[in-house]
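In what follows, a single structure is set out as structure tokens and then discussed.
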Amino acid sequence: MPVQVRRLDGPAPYEPVWQAMKSFTESRDADTPDEIWLVEHQPVYTLGQAGKPEHLLNTGAIEVVRSNRGGQVTYHGPGQVVVYPLVDLRRKGIYVKEYVALIEDVVLGTLVSYGLEQACRKPGAPGVYVPLPDGSLAKIAALGVKITQGRAYHGLALNVDMDLHPFDGINPCGYAGMSTVDLKTMGVATTVQDAGDRLLKRLLAHFP
């Protein structure tokens, strides 16, 4: 059954989208088609299920939401494309670790398509990174998923062309001093829609 693609109006508040994903996942049955949602969020910090409040350093006026996804703390805001694959992993015979690697591969392939061939994983730190001129790695995409009865929701966020200052208010994904960049910082001029389309194309190749 073909995957349904939904492009949500944005920037959208985080919590209603999260609750809609949760409701969809908990009410679906064995015959429900998978869906992929694309959205930009209003500014928000989200703490994962095991997220530690001490990683929130200076949140200012930005809303903080404790979510039920995996991972620590991250920031969502305009200029970032967020992709939520709502996928029945059990039906597709995909294990959770495979699924996480698959999503990272989708992001890596997308970054290579923009000429960022050095994009990579970082051992022990989920997400996708790019090397800076000084040799250090900066985070360009965050990852956090939730699995309920073999069905996945939440997903990935790729920084495209955004205000990066809010990342200074947290330890991104629980790592103090971690640099965060976007495609624009790396010299890539593109739009949230184009980045979303490239991610979507690669996801659909895995979930036809």
Side-chain angles (χ1 to χ4, degrees), residues 10-12 14 38-48 51-52 55-64 67 69-84 100-145 154-203:
Y14 178 81
L38 291 90
V39 68
E40 279 179 89
H41 279 303
Q42 294 175 6
V44 63
Y45 292 116
T46 69
L47 273 169
K52 297 178 180 177
H55 294 308
L56 297 166
L57 307 178
N58 180 19
T59 58
I62 296 175
E63 180 185 19
V64 178
S67 172
R69 62 165 174 79
Q72 282 288 333
V73 60
T74 194
Y75 168 74
H76 297 308
Q80 177 193 69
V81 60
V82 183
V83 184
Y84 294 128
V100 171
L102 182 157
I103 291 180
E104 289 177 339
D105 284 341
V106 163
V107 177
L108 288 166
T110 299
L111 295 176
V112 168
S113 78
Y114 281 120
L116 300 176
E117 288 89 356
Q118 303 305 312
C120 61
R121 294 176 170 87
K122 184 175 180 179
V128 177
Y129 300 78
V130 288
L132 298 178
D134 66 2
S136 65
L137 292 178
K139 190 159 197 171
I140 197 167
L143 184 68
V145 300
H154 293 289
L156 68 99
L158 174 62
N159 304 334
V160 180
D161 181 358
M162 61 189 303
D163 177 5
L164 294 168
H165 288 103
F167 286 105
D168 296 336
I170 58 174
N171 291 328
C173 301
Y175 289 87
M178 177 181 286
S179 298
T180 305
V181 295
D182 57 10
L183 286 170
K184 183 179 181 181
T185 307
M186 302 308 296
V188 177
T190 189
T191 63
V192 167
Q193 178 164 344
D194 183 74
D197 287 344
R198 294 191 190 208
L199 290 165
L200 180 63
K201 178 181 177 182
R202 285 168 175 77
L203 276 171

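Keep in mind the model is a prediction, meaning the values are calculated, not measured. Atoms considered below: every heavy atom in the structure, side chains included; atoms not considered: hydrogens, waters and symmetry mates.
Side-chain N or O atoms of Q80 include none that pairs as donor or acceptor with a backbone N or O of L158 at under 3.5 Å. Remark: the backbone N or O of V106 is paired with a side-chain donor or acceptor of T110 at under 3.5 angstrom. Put simply, the side chain of D161 never gets that close to the backbone of K184: no donor and acceptor are under 3.5 Å apart. In terms of modelled atom types and a separation under 3.5 Å, the side chain of Q72 and the main chain of K52 share a donor-acceptor contact.
Annotation: side chain of L156 is in contact with side chain of L199 (closest heavy-atom distance under 4.5 Å). A heavy-atom distance below 4.5 Å is not found between the side chains of E63 and P43. At least one side-chain heavy atom of L203 sits less than 4.5 Å from a side-chain heavy atom of V83. Using a 4.5 Å heavy-atom threshold, the side chains of L56 and V73 count as touching. Using a 4.5 Å heavy-atom cutoff, the side chains of T46 and R69 are in contact. Contact check for L137 versus L132: no side-chain heavy atoms found under the 4.5 Å cut-off. N159 has its side chain out of reach of V81: every pair of non-hydrogen atoms, C-beta onward, lies at least 4.5 Å apart. Counting heavy atoms from C-beta outward, K139 and V181 have side chains that stay 4.5 Å or more apart.
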Do V192 and E40 pass the side-chain contact (heavy atoms from CB on, under 4.5 Å) test, and can you show the C-alpha distance, the side-chain angles, and the key distance before you say yes or no?
-> CA-CA 8 Å; V192 167; E40 279 179 89; 3.7 Å; yes

Kindly determine whether L183 and I140 satisfy side-chain contact (heavy atoms from CB on, under 4.5 Å), including the steps that lead there.
-> CA-CA 8 Å; L183 286 170; I140 197 167; 4.0 Å; yes

Show the numbers, then the answer: is there a side-chain contact (heavy atoms from CB on, under 4.5 Å) between Y14 and H76?
-> CA-CA 8 Å; Y14 178 81; H76 297 308; 4.0 Å; yes

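V39 approaches A12 most closely through the heavy-atom pair CG2-CB, 3.8 Å. Nearest heavy-atom pair across R202 and S113 is NH2-CB, 3.5 Å. Looking at every heavy atom in both residues, M162 comes nearest to D182 through N-OD2, 3.0 Å. For the pair A142 and T74, the tightest heavy-atom approach, listed with the atom from each and the gap, is CB-OG1, 3.9 Å.
Using cut-offs of 30° and 60° for the angle between ring planes, the Y84 and H41 rings count as tilted.
By the salt bridge (Lys or Arg N to Asp or Glu O under 4.0 Å) test, D168 is found to be paired with no residue, residues two or more places apart in sequence or in another chain being considered. Every ring pair (Phe, Tyr, Trp, His ring centres under 6.0 Å) that Y75 has, sequence neighbours left out, goes to Y45, F167.
With rounding to the nearest 0.5 Å, the separation of NE2 in H154 from CD1 in I103 is 12.0 Å.
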Output side-chain donor-acceptor pairs under 3.5 Å for residues 114-126, partner residues at least two apart or in another chain, one line each.
from	atom 1	to	atom 2	distance (Å)
Y114	OH	T190	OG1	3.1
Y114	OH	D194	OD2	2.5
Y114	OH	A195	N	3.3
Y114	OH	R198	NE	3.4
R121	NE	E104	OE1	2.6
R121	NH1	D105	OD1	3.4
R121	NH2	A101	O	3.0
R121	NH2	D105	OD1	2.7

